[in-house]
Amino acid sequence: MNFLVPLPVVMPLFGAALALMMAGKPRAQRTVSLTVLTATLLVSCALLFLSTVDGPLVVAVGGWSAPLGIVLVADQLAALMLVVSSAVTLCVLVYSIGQGMADGHEETPLSVYHPTYLILTAGVTNAFLAGDLFNLYVGFEILLVASYVLLTIGGTENRIRAGSTYVVVSLLSSVVFLTAIGLIYAATGTLNLAQLVERLDALPDGLRLILQGMLLLAFGIKAAVFPLSSWLPDSYPTAPAPVTAVFAGLLTKVGVYAIIRTETLLFPGGRAAAVLLILGLLTMVIGILGAVAQSDIKRLLSFTLVSHIGYLLFGVGLTTQLGLSSAIFYVVHHITIQTTLFLAAGLIEKRGGSTALDKLGGLAKLSPVLAVLFLVPALNLAGIPPFSGFIGKLGLVQAGVADGGVLAWLLVGGGILTSLLTLYAVARVWNLAFWRTPPSSCPPRSRSLLPPLMVAPTMALVVFGVALTVVAGPLFDVSDQAASSLMERAYYVQAVFGGGAP
C-alpha cells in the first residue's frame, strides 16, 4: 500500500492545477476542492491505520532509492498529523465557501482562493512526509508562497502591510534553514534524514551543536517561539477568518513538527533540552500575558496561539517518552481547538459586526448557538476537565514531575499559571461579548441567521474537539507508540533503507 504515501501531496497539486483551469467557474472550483480534500482525508486515515499496523510506509520518488533520491515517509507521527491537518483544512474550506457565498465572494475571490488553498495543503502534507531536509525546505517554501497570497486576499492596506511583515520574517527563517542545509551537506555529504542519523553522530560536538542551533532558530521562527513570535499577532488577525483559522491551526504546527522530527531523529540526547525548556516557559508565560492585555478577540486568540506553543516545547524539551507522547497528543488537540476558536471569531464578527470587545455584548441572547460554539472550545483551550486540553496538560505535568529537575518544575508551574490565565482571558471574552448588555458603541448587528455553511464546519470541529476527550485513551496510545518510534531511531532508519546499510 506504499502507493498511498505520495497521494496527500499529489492530489492537492493536481486539484490546484484543475481549479486554476476552471477560473471563473465557482461551482466547478468548489467541487474540485471539496473532492480533493475529502480524498486526502480518506487517504490520510488509511495511512494512519497502515502505519500503526505495519510500521512506516516509505516511497522513493521517481524510483531513486535512498539516499540518492527523495523519499517520503509516513510513520505514525506523520500520518497522525496528516489526518488532523486534512480534517481541519476540509472544514475550513467549507467555512470559507459559506463565507464567500454570504459576502458575495468579496473576502475570498474564488478564482484565486481555491488553487492557492490547495497548494497550501500540498505544502503542509509535503512537510509532514518529507524524508530529507531539502524536501522539508521545499514544503516550507510552498507554504510561504501560498500563505502570502491568502494573507493578502482583498488587497487592503492592513493586509498588504501584515503580509509584507510575514514574508520578510518567513524569508529570514528560510535563509537560516537553507544555510543550515548547506552546512549539513558540506559536513556529512547527505540530506537524507535516515542517513544523517549515523553521519551527524560522527561529527565533533561543537559542530553538531552549531547545526542544531541553526535548525532550531529556523524552525523557532516558523513555530512562533518567543522571542521570535512578535510577527504573528500582527499578521494573522488582518486576514479573512478562514485564512486566519487555517494559519493558526496548521502553519505554526509545521514548525513544531520539524522541531520534534529533527530533535528526536538527528540530535537526540538532550543537548538543547535546557534551551527548549527555557524557551517553552518564556513562550507560555509572555504569550498569555499578551493575550490578557488584548481588547480584540482575534489578537487575543493570536497570543494564546503563541502561548500554547510553549506546552509543545515543554514536552519535547523533557526528552522522555511521556513528555514526547503528551506533546504529540497536545499538538492534535491544539490544531483542532485553535482552528475552531478562530472560526468562531469569524462568526462573532459576522453576527456582532466587530471582534473588538468594547463593541460587543449580548451575543448569548442574540445567538445561543454561537455562544456554545465559542464556549466549548474556549473551555477546552483553558484545560477545564474533562476536555482534551486538560488531558494533554495533565500528561505534560506528569512528565515534568517525573523528570524532577528544577527547569521541569518551573515548566509545571508555568503551565498551570498559563492555563489559569487562559481561562481568565476566554472568560473575559465571554463576559464582555456574550454575557453583558450591549454597549451604546455596539455597531449594527445582523438579525439574520448565520450562514449554515459557516456554522456547520465550526460545529463539526467543536464535536471533533469533544470527541478527542472520548477517544483520549486510544489517541494517547497512538501518541505513545509514535513517541516510542521517534526515540528508537533505528526503527526509522530500517524503514527507509529496508535493513540495508545507510
[X] to [Y] - nearest heavy-atom pair and separation:
{"X": "Leu396", "Y": "Ala327", "value": "CD2-N, 4.0 Å"}
{"X": "Trp430", "Y": "Ala364", "value": "CH2-CB, 4.4 Å"}
{"X": "Ala127", "Y": "Leu136", "value": "O-CD1, 3.5 Å"}
{"X": "Ile391", "Y": "Pro386", "value": "CD1-O, 3.8 Å"}
{"X": "Val243", "Y": "Leu151", "value": "CG1-N, 4.3 Å"}
{"X": "Leu318", "Y": "Gly400", "value": "CD1-N, 3.8 Å"}

Distance, nearest 0.5 Å, that separates [atom1] of [X] from [atom2] of [Y]:
{"X": "Leu432", "Y": "Lys359", "atom1": "CG", "atom2": "NZ", "value": "14.5 Å"}
{"X": "Leu394", "Y": "Ser326", "atom1": "CG", "atom2": "OG", "value": "8.5 Å"}
{"X": "Leu18", "Y": "Leu118", "atom1": "CG", "atom2": "CG", "value": "9.5 Å"}
{"X": "Leu7", "Y": "Leu42", "atom1": "CG", "atom2": "CG", "value": "11.5 Å"}
{"X": "Phe177", "Y": "Ser173", "atom1": "CZ", "atom2": "OG", "value": "8.0 Å"}
{"X": "Leu370", "Y": "Leu375", "atom1": "CG", "atom2": "CG", "value": "11.0 Å"}

Once side-chain contact (heavy atoms from CB on, under 4.5 Å) is applied, do any residues pair with [X], and if so which ones, sequence neighbours excluded?
{"X": "Leu410", "result": "Leu281, Val406, Leu407"}
{"X": "Asp480", "result": "Gln321, Ser325"}
{"X": "Thr40", "result": "Pro8, Met11, Pro12, Val36, Ser44, Ser86"}
{"X": "Ser229", "result": "Ala224, Phe226, Val306"}

Review point. With sequence neighbours left out, which residue pairs that include part of residues 115-127 fulfil the side-chain hydrogen bond (donor to acceptor under 3.5 Å, both in side chains) condition?
Key: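 Checked against side-chain hydrogen bond (donor to acceptor under 3.5 Å, both in side chains) - neighbours excluded - the pairs reaching residues 115-127 are Asn126-Asn135.
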
Practice item. Scan residues 279-297 for pairs that pass side-chain hydrogen bond (donor to acceptor under 3.5 Å, both in side chains), counting only residues two or more places apart or in two chains. Key: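 Those involving residues 279-297 are Gln294-Arg299, Asp296-Thr355.
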
Kindly list each side-chain donor-acceptor pair under 3.5 angstrom involving residues 45-53, sequence neighbours excluded, with atom names and distances?
unit_1	atom_1	unit_2	atom_2	d
Ser51	OG	Leu47	O	2.9
Ser51	OG	Leu48	O	3.0
Thr52	OG1	Leu48	O	2.7
Thr52	OG1	Gln76	NE2	3.2

Point to revise | ring-ring contact (aromatic ring centres under 6.0 Å, His included) against Phe329, all qualifying residues, sequence neighbours excluded | key: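 Partners of Phe329 under the ring-ring contact (aromatic ring centres under 6.0 Å, His included) test: Phe476.
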
Point to revise | Contacts of type ring-ring contact (aromatic ring centres under 6.0 Å, His included), residue Tyr311, not counting sequence neighbours | key: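 Listed in chain order: His308, Tyr330.
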
Review point. side-chain contact (heavy atoms from CB on, under 4.5 Å) between Val369 and Leu450: does it pass, once the steps are laid out?
Key: CA-CA 10 Å; Val369 172; Leu450 289 169; over 6 Å; no

Any donor and acceptor pair, going by atom type alone, linking the side chain of [X] with main-chain N or O of [Y] inside 3.5 Å?
{"X": "Ser307", "Y": "Gly287", "answer": "no"}
{"X": "Arg351", "Y": "Leu347", "answer": "no"}
{"X": "Trp231", "Y": "Leu228", "answer": "yes"}
{"X": "Asn380", "Y": "Val376", "answer": "no"}
{"X": "Lys253", "Y": "Ser85", "answer": "no"}

Check your understanding: Who passes salt bridge (Lys or Arg N to Asp or Glu O under 4.0 Å) against Lys298, sequence neighbours left out?
Key ->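 Lys298: salt bridge (Lys or Arg N to Asp or Glu O under 4.0 Å) contacts with Glu349.
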
Review point. For Tyr148, does the OH atom sit with more than 12 other heavy atoms under 6.0 Å from it, leaving out its own atoms?
Key: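 Yes, OH of Tyr148 has more than 12 neighbouring heavy atoms, counting only those of other groups under 6.0 Å.
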
Exercise for review: Apply side-chain contact (heavy atoms from CB on, under 4.5 Å) to Thr304 and Ile288, showing your working.
Suggested key: CA-CA 6 Å; Thr304 63; Ile288 199 59; 4.1 Å; yes

Point to revise | Contact list for residues 337-391, test ring pair (Phe, Tyr, Trp, His ring centres under 6.0 Å), sequence neighbours left out | key: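 Ring pair (Phe, Tyr, Trp, His ring centres under 6.0 Å) check on residues 337-391 returns Phe374-Phe434.
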
Side chains of [X] and [Y]: does their closest heavy-atom pair fall under 4.5 Å?
{"X": "Leu93", "Y": "Leu34", "answer": "yes"}
{"X": "Ile416", "Y": "Val412", "answer": "yes"}
{"X": "Leu251", "Y": "Leu120", "answer": "yes"}
{"X": "Leu216", "Y": "Leu276", "answer": "yes"}
{"X": "Arg261", "Y": "Leu486", "answer": "yes"}
{"X": "Val426", "Y": "Leu379", "answer": "no"}
{"X": "Thr252", "Y": "Lys222", "answer": "no"}
{"X": "Gln338", "Y": "Pro377", "answer": "no"}

Can you give each donor-acceptor pair under 3.5 Å made by side-chain atoms of residues 451-475, sequence neighbours left out, with the distance rounded to 0.1 Å?
unit_1	atom_1	unit_2	atom_2	d
Thr458	OG1	Met454	O	2.8
Thr469	OG1	Ser388	N	2.9

Practice item. Go through the steps for Tyr257 and Leu77 under the test side-chain contact (heavy atoms from CB on, under 4.5 Å), then give the verdict. Key: CA-CA 9 Å; Tyr257 169 84; Leu77 174 61; 3.7 Å; yes

Review point. Will you find, in the side chains of Tyr424 and Arg428, an N or O donor that is under 3.5 Å from an N or O acceptor?
Key: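 There is no such pair between these side chains.
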
Check your understanding: Any side-chain donor paired with an acceptor under 3.5 Å for Tyr113 and Ser96?
Key ->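 Yes, Ser96 and Tyr113 have a side-chain donor paired with an acceptor closer than 3.5 Å.
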
Exercise for review: Begin with the C-alpha distance, continue with both residues' side-chain angles, and end with the deciding distance and a verdict on side-chain contact (heavy atoms from CB on, under 4.5 Å) for Met81 and Ile335.
Suggested key: CA-CA 9 Å; Met81 297 295 286; Ile335 288 174; 4.0 Å; yes

